[in-house]
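Notes to accompany the following structure.
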Amino acid sequence: AASSMSLLRASRLPSHGLDPEHPLSQEIATVCQQHWDSWGASTEGMELLESDGPLEVYRSCLEQEGAAVDPILARHTVTGVSAREVAEMFWNLQYRLDWERTLDSAPIVLDTLASDTLLLQQIYKRLWPTAQRDSVFWSHIRHAEQRTMVVNCSTEVGAPPLASGRQRMQLNVSLICETELPEGGRLPTERSQLRCRMQYSARVHPGGWAPMAVLRQVAKREYPRFMRRFSGYCVDRVKHMPLWV
Ligand code: 16C
């Protein structure tokens with residue numbers, strides 16, 4: 001398993017569907033490659049926020065110009081879903097409001113950059129006592145071999161001006177999923193033979209004043225909650241759907 005893992009880690013991502021002349025093309029390629037290569041990243045020295053069976057959520061404390069941007073790394077393994085299915089439910093807006101509880105309203109599609117890449121704006125619930133936040137980010141999904149990845153990363157390209165009273169959060173998030181096939185690599189015929197390993201990583205800059213203690217407390221509660229809620233949702237949602245490996 002170790003050698004196949006390093007083989008995959010060394011592999012280059014297939015090129016994506018975006019016009020190479022597009023102003024975001026290079027940025028998307030670079031950021032995605034970094035996330036792709038982070039599969040299996042070490043959590044040494046990170047604080048374990050939550051550990052519950054296969055679910056592990058880690059954080060490292062990091063401050064930038066007085067703001068907490070604590071990187072989060074979480075891992076989980078769930079039975080009954082494939083990597084493609086989980087990643088699709090994270091990326092496709094059709095499912096977003098079913099599992100995402102931080103939003104104040106439905107995501108806004110600012111632009112469709114390619115069939116696998118959207119430019120989105122999201123407006124979040126207000127976290128007292130701070131100003132309401134929004135974010136503008138490209139969202140890209142990519143599949144190679146047994147692995148599917150989604151990257152959500154803030155950008156200024158094509159971003160609308162900030163509404164008054166609001167602040168803009170900067171995020172750099174990925175969800176990488178890998179399908180674990182039954183012994184011998186056979187294609188599964190039943191969902192019980194299928195497992196999905198997930199690695200979620202997030203770096204969120206609050207983009208304006210916010211008390212660090214409040215952020216850290218909310219993060220500690222919300223990331224594990226998200227991992228449970230989202231993965232549980234995926235397992236449930238696909239139960240009566242045909243397998244997509
Ligand atoms: O990755 C996730 N969701 C994706 C699709 O929406 C996308 C979004 C990432 C944004 C994550 C930060 C959300 C902060 C919301 C502001 C506070 C609302 C609190 C409401 C509580 C019910 O990639 C899944 C995201 C899981 C989010 C966990 C929440 C972490 C809070 C950390 C604090 C950040 C700074 C907020 C500044 C006020």
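We count ligands from 1, going down the list as the structure has it; atoms in each ligand are counted the same way. Only heavy atoms go into these numbers, but all of them, side chains included; no hydrogens, no water, no symmetry mates.
- Residue-ligand proximity, Arg96 to ligand 1, at heavy-atom distances under 4.0 Å covers atoms 5 (C), 6 (O).
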inquiry  = One pair to check against side chain to side chain donor-acceptor pair (under 3.5 Å): Asn172 and His205. What are the steps and the verdict?
reply    = CA-CA 9 Å; Asn172 188 349; His205 189 293; over 6 Å; no
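- Protein heavy atom nearest atom 36 (C) of ligand 1, with residue, atom name and distance: Leu215 CD2, 3.9 Å.
- Look at Phe90 and you'll find a heavy atom under 4.0 Å from some atom of ligand 1.
- Among protein heavy atoms, atom 14 (C) of ligand 1 sits closest to Met169 SD, 3.8 Å.
- Rounded to the nearest 0.5 angstrom, Asp98 CG and Arg229 CZ are separated by 8.5 Å.
- Within the 4.5 Å cutoff, the side chain of Arg203 has no heavy atoms near those of the Val173 side chain.
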task = For side chain to side chain contact (heavy atoms under 4.5 Å, CB included), just list the numbers for Arg101 and Arg225, CA-CA rounded to whole Å, side-chain angles, deciding distance to a tenth of an Å, and then say yes or no.
result = CA-CA 10 Å; Arg101 21 183 344 270; Arg225 197 176 266 182; 3.4 Å; yes
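- At the shortest separation from atom 31 (C) of ligand 1 among protein heavy atoms lies Val218 CG1, 4.1 Å.
- The aromatic rings of Trp99 and Phe226 lie tilted to each other, with the angle between the two planes from 30° to 60°.
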inquiry  = Arg133 vs Gln122, test: side chain to side chain donor-acceptor pair (under 3.5 Å). Steps then yes/no.
reply    = CA-CA 9 Å; Arg133 259 61 180 184; Gln122 291 195 151; over 6 Å; no
inquiry  = What verdict does the side chain to side chain donor-acceptor pair (under 3.5 Å) test give for Glu27 and Ser25, after you've listed the backbone C-alpha separation in whole Å, the side-chain angles of each residue and the deciding distance to 0.1 Å?
reply    = CA-CA 6 Å; Glu27 179 182 320; Ser25 178; over 6 Å; no
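- Heavy atoms of Arg133 found under 4.0 angstrom from ligand 1 belong exclusively to the side chain.
- Annotation: Glu100 places an N or O atom under 3.5 Å from an N or O atom of ligand 1; distance criterion only.
- Shown here for Asn152 and Ser139, the closest heavy-atom pair between the two residues is OD1-OG, 2.7 Å.
- Close approach of ligand 1 to Arg101 is summarised as follows: ligand atoms under 4.0 Å from at least one heavy atom of the residue are 22 (C).
- Here atom 23 (O) of ligand 1 lies nearest to Asn152 when heavy atoms of Leu171, Leu97, Asn152 are compared.
- Among all non-hydrogen protein atoms, the one lying nearest atom 34 (C) of ligand 1 is Val204 CG1, 3.9 Å.
- The backbone N or O of Glu145 sits less than 3.5 Å from a side-chain atom of His143, completing a donor-acceptor pair.
- When non-hydrogen atoms are compared, ligand 1 lies under 4.0 Å from neither the backbone nor the side chain of Phe230.
- You'll find the side chain of Leu103 stays beyond 4.5 Å of the side chain of Ile123, heavy atoms only.
- Nearest non-hydrogen protein atom to atom 19 (C) of ligand 1 is Leu127 CD1, 4.2 Å.
- For Gln122, a nitrogen or oxygen atom sits less than 3.5 Å from a nitrogen or oxygen atom of ligand 1, counting backbone and side chain alike.
- Counting protein heavy atoms only, atom 16 (C) of ligand 1 is closest to Tyr124 CB, 4.0 Å.
- In terms of polar-atom proximity, Tyr200 is counted as a contact of ligand 1, with an N or O under 3.5 Å from an N or O of the ligand.
- Side-chain contact between Tyr58 and Pro71 is absent, with no heavy atoms from C-beta onward closer than 4.5 Å.
- Remark: ligand 1 atoms within the under-4.0 Å shell around heavy atoms of Thr130 are 38 (C).
- Using a distance-only test at 3.5 Å, with no hydrogens or angles considered, no donor-acceptor pair links the side chain of Glu56 to the main chain of Asp52.
- Nearest to atom 18 (C) of ligand 1 among the protein's heavy atoms is Lys125 O, 3.8 Å.
- Ranking protein heavy atoms by distance to atom 29 (C) of ligand 1, first place goes to Glu222 CB, 3.5 Å.
- Of all the atoms in ligand 1, the ones that sit under 4.0 Å from a non-hydrogen atom of Val173 are 1 (O), 23 (O).
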